[in-house]
Amino acid sequence: MSGAADPLVRVRNLKTYYEDRALFGAPPVRAVDGVSFDIEAGETLGLVGESGCGKTTLGRTLARLETPTAGTIEYDGEDVSDLSGGELKRWRRNVGIVFQDPDSSLDDRMTVGEIVREPLDVHGVGTPKERRARVRELLDDVGLAADHRTRYPHQFSGGQRQRISIARALALDPEFLILDEPVSALDASVQAKVLNLLSDLQAEMGLTYLLIAHDLAVMRHVCDRVAVMYLGHIMELAPAEELFADPANPYTKALLSAIPDPDPTSERERIVLRGTPPNPRDPPAGCPFATRCPAKIRPDDWELTDDAWVAIEEYRAVLRERARADRSLSERLKRRLGLAGGENVAEIEAAVFGDVELPDGAADEVERATDRAAGGDPAGAADALAEAFGGVCDADVPEAHRIGTGDRTSLCHRHGGEYDDPEDVL
């Protein structure tokens, strides 16, 4: 988090959960799960992560298109988390949003002039004549001609449609723009033109940006700082150049290792993560990255090979998924009717461990868990393996530890206390 006294946007422990009333007793989807950061006036903060990590939900929550479940959002010193009705409508004049796909975010039944003028109409800004003049001014600002206002979105290219979206977002003269994947649907050459336009507008109008994207090259090119998101959490937040030059968090390291290297002589290795991100309805109890982290802290109770630890982690993931499915109403009904059971758990165990050798004590723990899962208690089996083989990463959510002397942070046990050993982080 930034150390500035008065950031434009201050977010603290923000959570956005979605309840699913269609699934009786199902836990909520934890789309955003306790994030904190600041955005300084005039800067561009990038937000990057895998699909489904909560980036778009976080942006929509900051714009108050979604209602936060908990936490606070402060804008220019004012808490806007609980605004509603007329107060919320008035505040929204401060924030513009540009969506990912201009094809779906622009109404093809409206002319460009009507689309750009709509925010002015909704908020009752100026006279009709002044609104028309404002539309011509906005179209000029984004590089479109005044006579384009009488045309329809389908008559424009993808880049031009995104310029229309930007003009609409600027209609109420906001200070803060949320850019949700603004160039991901565009060709590479058009991407550069739109990014240059956004940079020019920021310099001319003193705008502040939250740029949501999955393209790491875009982040490095245009952002002042970058926040890396995973499973609803901010894993690392750092100045862009520092983050790309020397990533600190294990997840950031894995993410950046996926960037293609044009140097054929480079010896950089790709970090391939096992498995997939956990279900946001049932996230890990400890570190959100614990189920896939190659730098996970292992307990001292066991002397196991790397292959054995990987197999145990995979088996624990299988049991957690079976336990989650077993909690659904349909699975409980099937079990009552005798249509579902744990008879294939032993086969799964054999497939996961294969030729991996476990010492007697560890093998006994695995067998007991298998018997428990086969007996209809996969949740208890998963808990038993967590107790036997789990460590601090499984049990405790890490703090956002500061890295160095700046405002760089990393959500990882490896950067705090007794586990602070940079050599152990990949």
Participant: Looking at I73, is its backbone amide N or carbonyl O close enough to the side chain of S81 to form a donor-acceptor pair, meaning the two atoms are under 3.5 Å apart?
Facilitator: yes
Participant: Under the 3.5 angstrom rule, does the side chain of R64 hit a backbone N or O of V80 as a donor-acceptor pair?
Facilitator: yes
Participant: Can you tell me how far CD of E137 sits from CG of L170, rounded to the nearest 0.5 angstrom?
Facilitator: 10.0 Å
Participant: Please give me the minimum heavy-atom distance between S257 and I271, naming the atom from each residue.
Facilitator: OG-N, 3.0 Å
Participant: Start with the C-alpha distance between T56 and D180, add both sets of side-chain angles, then the distance that settles side chain to side chain donor-acceptor pair (under 3.5 Å), and finish with yes or no.
Facilitator: CA-CA 7 Å; T56 291; D180 186 5; 3.2 Å; yes
Participant: For A248, does its backbone N or O pair with a side-chain atom of H415 as donor and acceptor, under 3.5 Å?
Facilitator: yes
Participant: Answer yes or no: is there an ion pair linking R292 with E50, defined by an N-O contact shorter than 4.0 Å?
Facilitator: yes
Participant: Would you call D121 and R131 a salt bridge, taking side-chain N to carboxylate O under 4.0 Å as the test?
Facilitator: yes
Participant: Of the non-hydrogen atoms in Q100 and P102, which two are nearest, and what is the gap between them?
Facilitator: O-CD, 3.4 Å
Participant: Whether the side chain of E347 engages the backbone of N344 through a donor-acceptor N/O pair (distance < 3.5 Å, no angle test) should be reported.
Facilitator: no
Participant: About how many Å separate CE of M229 and CZ of F37, when rounded to the nearest 0.5 Å?
Facilitator: 8.0 Å
Participant: Test of understanding: with side-chain contact (heavy atoms from CB on, under 4.5 Å), list the residues that count as partners of R132, not counting sequence neighbours.
Facilitator: P128, K129, R136
Participant: What I want to check is whether the side chains of S189 and D187 have a donor and an acceptor closer together than 3.5 Å.
Facilitator: no
Participant: Given E43 and R225, is the salt bridge (Lys or Arg N to Asp or Glu O under 4.0 Å) satisfied, shown in steps?
Facilitator: CA-CA 8 Å; E43 82 162 330; R225 292 185 300 142; 2.6 Å; yes
Participant: Scan V98, L177, V218 and name whichever one has a side-chain contact (heavy atoms from CB on, under 4.5 Å) with L211.
Facilitator: V218
Participant: Take atom CD of E78 as the centre, draw a 6.0 Å sphere, and report whether it contains more than 12 heavy atoms from other residues, nucleotides or ligands.
Facilitator: yes
Participant: Testing the 3.5 Å rule here: is there a donor-acceptor pair between the side chains of Q202 and S199?
Facilitator: no
Participant: Between D377 and R322, is the closest basic N to carboxylate O distance under 4.0 Å?
Facilitator: no
Participant: Report yes or no: does E242 contribute a side-chain atom to a donor-acceptor pair with the main-chain N or O of P239 at less than 3.5 Å?
Facilitator: no
Participant: For atom CZ of R109, is the number of surrounding heavy atoms from other residues, nucleotides or ligands below 6.0 Å larger than 12?
Facilitator: no
Participant: Which heavy atom of A373 sits nearest a heavy atom of L319, and at what distance?
Facilitator: CB-CD2, 3.8 Å
Participant: How long is the straight-line distance from CG of D103 back to OG of S165, given to the nearest 0.5 Å?
Facilitator: 9.5 Å
Participant: Relative to each other, are the rings of F289 and Y251 parallel, tilted or perpendicular (30° and 60° limits)?
Facilitator: perpendicular
Participant: Using the salt bridge (Lys or Arg N to Asp or Glu O under 4.0 Å) definition, which of the options K253, R414, R408 pairs with E236?
Facilitator: R408
Participant: Of the non-hydrogen atoms in P119 and L172, which two are nearest, and what is the gap between them?
Facilitator: O-CD2, 3.7 Å
Participant: Got a donor-acceptor contact below 3.5 angstrom from the N13 side chain to the A70 backbone?
Facilitator: no
Participant: So which heavy atom on V9 is nearest to which on Y75, and how close?
Facilitator: CG2-CD1, 4.0 Å
Participant: Working to the nearest 0.5 angstrom, can you tell me the gap between I178 CD1 and L210 CG?
Facilitator: 6.0 Å
Participant: Might you work through the side chain to side chain donor-acceptor pair (under 3.5 Å) test for T16 and T57, ending with a clear yes or no?
Facilitator: CA-CA 8 Å; T16 305; T57 299; over 6 Å; no
Participant: Quick check against the 3.5 Å criterion: does R149 have a side-chain atom that pairs as donor or acceptor with the backbone of A146?
Facilitator: yes
Participant: Any donor-acceptor pair under 3.5 Å linking the side chain of R134 with the backbone of A171?
Facilitator: yes
Participant: Would you say that D38 contacts R12 through its side chain, given a criterion of any heavy-atom pair below 4.5 Å between the two side chains?
Facilitator: yes
Participant: Using modelled atom types only, decide if a donor and an acceptor are shared between the side chain of N94 and the backbone of W91 within a distance under 3.5 Å.
Facilitator: yes
Participant: To the closest 0.5 Å, what do you measure between CD (E241) and SG (C223)?
Facilitator: 11.0 Å
Participant: I would like to know whether D394 and K296 meet salt bridge (Lys or Arg N to Asp or Glu O under 4.0 Å); could you show each step before the answer?
Facilitator: CA-CA 9 Å; D394 297 288; K296 183 177 178 179; 2.8 Å; yes
Participant: Once rounded to the nearest 0.5 Å, what's the spacing between atom NE2 of H221 and atom CG of N196?
Facilitator: 5.5 Å
Participant: Return yes if some donor-acceptor pair links the side-chain N/O of R10 with the main-chain N/O of E74 below 3.5 Å, else return no.
Facilitator: no
Participant: Please report the shortest heavy-atom distance between V48 and V226, naming the atom on each side.
Facilitator: CG1-CG1, 3.8 Å
